[in-house]
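Every value quoted in this text rests on a predicted model; they were computed, and no experiment measured them.
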Amino acid sequence: MKKLIKEFTDFMNQGNFLEIAVGLLIAASFKDLVTSFSDSFIMPIVAKLLGSLHGSNAFFEIAGMKF
């Protein structure tokens, strides 16, 4: 058990733990950004081009104009 704690302490001191944590935060933020962009911009365009499956509530907005 002492060896495990020592190895974990060495791992934390190398900085790898911080790099992994920052990488995970960036990945989670990027995922949310892509999902928001896709839901708000790409999918309404696709729905208009292919015909909306959910009625006429699919639209996108550019400079205050809804399409």
Worksheet item: So, does Thr9 use its side chain to make a donor-acceptor pair with the main chain of Ile5 at under 3.5 Å?
Response: yes

Practice prompt. Indicate, with yes or no, if Val34 and Met43 share a hydrophobic cluster defined by side-chain heavy-atom contacts under 4.5 Å among Ile, Leu, Val, Met, Phe, Trp and Tyr.
Written response: no

Response to the item:
OG (Ser38) and CD1 (Ile45) are apart, to the nearest 0.5 Å, by 10.5 Å

Practice prompt. Could you check Ile20, Leu25, Ile26 and say which one makes a side-chain contact (heavy atoms from CB on, under 4.5 Å) with Val22?
Written response: Ile26

